[in-house]
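Residue numbers start from 1 in every chain, and the chains themselves are labelled A, B, ... in the order their sequence lines are given, proteins ahead of strands.
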Number of protein chains: 2
Amino acid sequence: MSTETEPRWRRLEPDQRREQILDCAIRLFGERPYAEVSTTDIAREAGVARGLINHYFGSKRGLYLEVVRRMVTVPIADRSAVPDGSLAERVEFSVDWLLDVISARGKTWVAVLGTEGVGNDPEVERILAEADEMAAENLVRTVGMRDAEPAGAELRALVRAFGGMVKAAGREWITHGTLTREQVQLVLTEQLTALLGETFPHLQRM
Amino acid sequence: MSTETEPRWRRLEPDQRREQILDCAIRLFGERPYAEVSTTDIAREAGVARGLINHYFGSKRGLYLEVVRRMVTVPIADRSAVPDGSLAERVEFSVDWLLDVISARGKTWVAVLGTEGVGNDPEVERILAEADEMAAENLVRTVGMRDAEPAGAELRALVRAFGGMVKAAGREWITHGTLTREQVQLVLTEQLTALLGETFPHLQRM
DNA sequence: AGTTGCTATTGACAGAGTGACAACAACTTG
DNA sequence: CAAGTTGTTGTCACTCTGTCAATAGCAACT
């Protein structure tokens, strides 16, 4: 008879275990609202003791913030493929790339950023603000508007505002199916072109 | 010596008490996130026994949904004052009215819709979707695009997407102060004009 | 004024969830 | 194989939520 000394649990590298718990948390937080997800649920999902969550993330809230941070991070554009054409062409390229990103995340993206809840959460707000800022910065670079440097702050504010429409249009497309990708592409391209080509110059003369 | 039989608590009409609790809940939920607000806090703020909250709203979540519903409801535009001019003029009027509404709610509005959290909450989503739908419907009527009836669904989807930009621009103005009201006015007016006058016709030919 | 009835409101209780921490066990190293 | 390292567990104390029977404000009617 074999002395089956099969261990009751496996000991993982901290990074691996962290990642595993984070994955489960992302899934569960994506399914139902914060208060409806207990750390017990997450622990069970990860096949782990509940206390381990506190060990790695301090508190439930800490884990949640980590989830938000993870989900909101947008990949940086590969600018090597950006065409050198007119503003309209570069904008079209950028929008297309944006929609690719949204499409890739698909349901998860929507499930995560789809709901605007009530409740002032400075920490979450900061994370999202930073993400929006990076996305805006990135978009500005991609369409090559760097020459407008002096009014950079206003330009980025404009683009962040545009980001709101991107998200809303994305929801119309992905979740509600009221617009096709082609339609969203058209709308966002025309709007962003007008924003950068027309409105922005007007704004600078105020 | 007077037989001071001062009552320990006053008995209110259900509607009044409901309203009072709701007011306190709105204030507190506007200050910190859902999980950080306990029903004990709300009860104390309202000077009321905790159990009463459950009596009126069933659960903490029920109260929360009521708060969201209340905060998200946008007053109907007074169409009697809408000018009969060009599309651009009507759009300008509508945007101005929108900004008035946002301005009136001010910090509260932002505190409420400012944070996009993570977590799929169908109920909250439904409430917000309905509110957006009503706002879009209202805006479409105000700018007098009712003639575009056959493509009403797409038009409203477009306007809902635009609503995303309204919110984002409002945040830039109210909370971050990166744009002035005049700038936001200009941006939204031009964008909406282009959306309705240019992009929408283009969209119909797809 | 005293009594009665209705119901808004309270207070206590049970169950569930969270965070802290000491003890344990899987794995590494010599 | 022994000893140390540390990832992991399980329990304890505390807080929060929802339920419910008991209480008390108030109006109506003697």
- In whole angstrom, what separates B:Glu13's CD from C:dC6's P? 17 Å
- Nearest-Å distance for atom pair CZ/P, residues A:Phe57 and C:dA20: 15 Å
- B:Arg61 CZ - C:dG17 C1' separation (whole Å): 17 Å
- Give one of base, sugar-phosphate or nothing for B:Tyr56, where a contact means two heavy atoms less than 4.0 Å apart. sugar-phosphate
- d(CG, B:Leu52; C1', D:dT19) in whole Å: 14 Å
- Task: Nearest 0.5 Å please: distance from the CH2 atom of A:Trp173 over to the CG atom of A:Leu188.
- Result: 10.0 Å
- Message: On DNA chain D, compare the nucleotides closest to B:Gly51 and B:Pro7; which residue's is nearer the 5' end?
- Response: B:Gly51
- Considering just the side-chain nitrogens and oxygens of A:Thr39, establish if one lies under 4.0 Å of OP1 or OP2 belonging to C:dT18. yes
- Message: Rounded to whole Å, how long is the line connecting atom CD1 of A:Ile53 with atom P of C:dC21?
- Response: 18 Å
- Rounding to a whole Å, what distance do you find between B:Lys60:NZ and D:dC16:C1'? 8 Å
- Side-chain contact check for B:Arg10: nearest option of D:dC26, C:dC27, C:dG19 is D:dC26
- Task: Round to a whole Å and report the spacing from CD of B:Gln16 to C1' of C:dT9.
- Result: 15 Å
- Is any side-chain N of the basic residue among A:Arg18 and A:Glu13 closer than 4.0 Å to the acidic one's carboxylate O? no
- Message: Assess, by modelled atom type and distance only, whether the side chains of B:Glu154 and A:Gln183 contain a donor and an acceptor separated by less than 3.5 Å.
- Response: yes
- Message: Is it the case that D:dG10 (base atoms only) and A:Arg50 (side chain only) share a donor and an acceptor within less than 3.5 Å, ignoring hydrogens and angles?
- Response: no
- Of the listed C:dT18, C:dT10, C:dC6, the closest approach to the B:Trp9 side chain comes from C:dT10
- Message: Quick check for you: among D:dT17, D:dG7, D:dT19, whose closest atom lies nearest to any side-chain atom of B:Asn54?
- Response: D:dT19
- Message: Quick check: on DNA chain D, is the nucleotide nearest B:Arg11 upstream (toward 5') of the one nearest B:Gly58, or the reverse? Name the residue that is more 5'.
- Response: B:Gly58
- Query: Within the distance-only criterion (no hydrogens, no angle test), does the side chain of A:Lys167 pair as donor or acceptor with the backbone N or O of B:Met165 below 3.5 angstrom?
  - Reply: no
- With the side chain counted from C-beta on, respond yes when B:Arg70 and B:Glu19 share a heavy-atom pair under 4.5 Å apart, and no when they do not. yes
- Check whether any side-chain N or O of B:Arg8 sits under 4.0 Å from OP1 or OP2 of D:dA24, and answer yes or no. yes
- Query: Could a donor-acceptor pair under 3.5 angstrom be found where the side chain of A:Arg17 meets the base of D:dT8?
  - Reply: no
- Query: CZ of A:Arg44 versus C1' of C:dA16: gap in Å, rounded?
  - Reply: 13 Å
- Please determine, for the side chain of B:Ala49, which listed nucleotide (C:dT10, D:dG7, C:dA25) has the closest atom? C:dT10
